[in-house]
Amino acid sequence: MIGTYGVLAVFFGAAIEGETAAFLGGVLAHRQLIPYWQVALAACLGSFAADQFFFVSGRYATRWSYVQKLLGSEPLTRVTRLLEAYPTGFILAFRFIYGIRTISPVAIGISKVSAARFLVLNGVAAIIWGILITAIGYAFGNAVEALLGRLQLHVHLLIALVFASITIVAGCYAVRRRVARHSDRSQA
């Protein structure tokens, strides 16, 4: 069952949630339940498709309630400032910054960045992100196996899920501290 729906789950998981789905896909690839190249491709395509959808939402669907809700928000204002200061770097990096992953493509869609430019940069960033995050999951599977031996799949996935959750929480905390420091500096 995992071999049949695993790639699809990674695709939709990468599109909706992101890192955890791609990471767990890498763990499944390590367990040889799904070929690694399929997991990495599904993560890349899921991330790419979701970001294209949100870009188009920002560009052409500004009347949608979701987009209207975002337009006046403080996070969108912060994202817009970063986008205006570093457009190419921001487009390549936003998916690696927890907390702004969904709002960023909407902000880019509202901006003056051309659709063609976003398409190319989004493709490059999705490939890097998908391969990197699934590779980290794969390497984590190797590390767990080296430390604890070959575990049952559910134990292996539980350990991976706990590790991914701790990493996300720590990353979110670090980003919030950095943003708060940056906001304090710009207000001073």
Side-chain angles (χ1 to χ4, degrees), residues 4-26 28-29 34 36-137 164 167-168 171-172 174-176 178-179 182-183:
T4 303
Y5 299 109
V7 172
L8 204 54
V10 171
F11 173 84
F12 285 112
I16 295 167
E17 192 286 320
E19 290 82 7
T20 304
F23 178 86
L24 290 176
L28 292 174
I34 308 169
Y36 174 77
W37 72 268
Q38 290 179 6
V39 169
L41 181 62
C44 294
L45 291 175
S47 177
F48 176 80
D51 291 336
Q52 284 301 132
F53 172 79
F54 287 121
F55 174 83
V56 169
S57 297
R59 181 67 42 106
Y60 302 109
T62 55
R63 293 193 176 142
W64 288 3
S65 62
Y66 171 75
V67 177
Q68 284 294 315
K69 184 178 162 184
L70 293 176
L71 286 177
S73 70
E74 173 59 30
L76 186 75
T77 304
R78 278 187 264 148
V79 164
T80 302
R81 270 188 261 139
L82 284 170
L83 175 61
E84 289 171 356
Y86 313 100
T88 300
F90 182 78
I91 293 169
L92 291 172
F94 75 81
R95 76 188 69 237
F96 293 96
I97 304 170
Y98 187 79
I100 66 166
R101 186 156 189 250
T102 304
I103 197 170
S104 295
V106 174
I108 298 165
I110 294 168
S111 76
K112 294 177 183 164
V113 172
S114 73
R117 181 177 181 191
F118 181 74
L119 182 78
V120 170
L121 292 174
N122 184 37
V124 169
I127 290 168
I128 294 167
W129 179 87
I131 291 171
L132 180 66
I133 301 300
T134 56
I136 291 170
T167 302
I168 289 170
C172 185
V175 167
R176 283 187 178 183
R178 187 175 186 139
V179 167
H182 182 68
S183 294

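Computed from a predicted structure; not experimentally measured.
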Nearest-0.5 Å distance, CZ of residue Phe94 to CG of residue Leu83: 10.0 Å
Where Val124 and Leu92 come nearest, the two heavy atoms and their spacing: CG1-CD2, 4.1 Å
Reported CG-to-OG distance for the pair Asn122 and Ser47, which is rounded to 0.5 angstrom: 6.5 Å
Nearest-0.5 Å distance, CZ of residue Phe12 to CG of residue Leu45: 11.5 Å
Shortest non-hydrogen contact between Ala22 and Ile133, atoms and distance: CB-CG2, 3.5 Å
Main-chain N/O of Ile131 paired with Thr134 side-chain donor or acceptor, under 3.5 Å: yes
Straight-line distance of Ile91 CD1 to Asp51 CG, nearest 0.5 Å: 11.0 Å
Rounded distance (nearest 0.5 Å) linking atom CZ of Phe96 with atom CG of Leu132: 5.5 Å
Shortest non-hydrogen separation from Ala43 to Trp129 and the atoms involved: O-CZ3, 3.6 Å
Partner residues of Phe48 under the ring-ring contact (aromatic ring centres under 6.0 Å, His included) criterion, sequence neighbours left out: none
Donor-acceptor contact present, side-chain Arg59 to main-chain Ser111, <3.5 Å: yes
Heavy-atom pair of closest approach, residues Gly130 and Cys44: CA-SG, 3.7 Å
Thr88 and Arg117 side chains, donor-acceptor separation under 3.5 Å: yes
For the student: nearest non-hydrogen atoms of Ala125 and Arg95, plus distance: CB-NE, 3.3 Å
Derivation and outcome, side-chain contact (heavy atoms from CB on, under 4.5 Å), residues Leu119 and Phe55: CA-CA 9 Å; Leu119 182 78; Phe55 174 83; over 6 Å; no
Phe23 versus Ile136, closest heavy-atom pair with distance: CE1-CG2, 3.8 Å
Distance (rounded to the nearest 0.5 Å) between Ile110 CD1 and Tyr60 OH: 13.0 Å
pair Gln52-Phe118: side-chain heavy atoms closer than 4.5 Å: yes
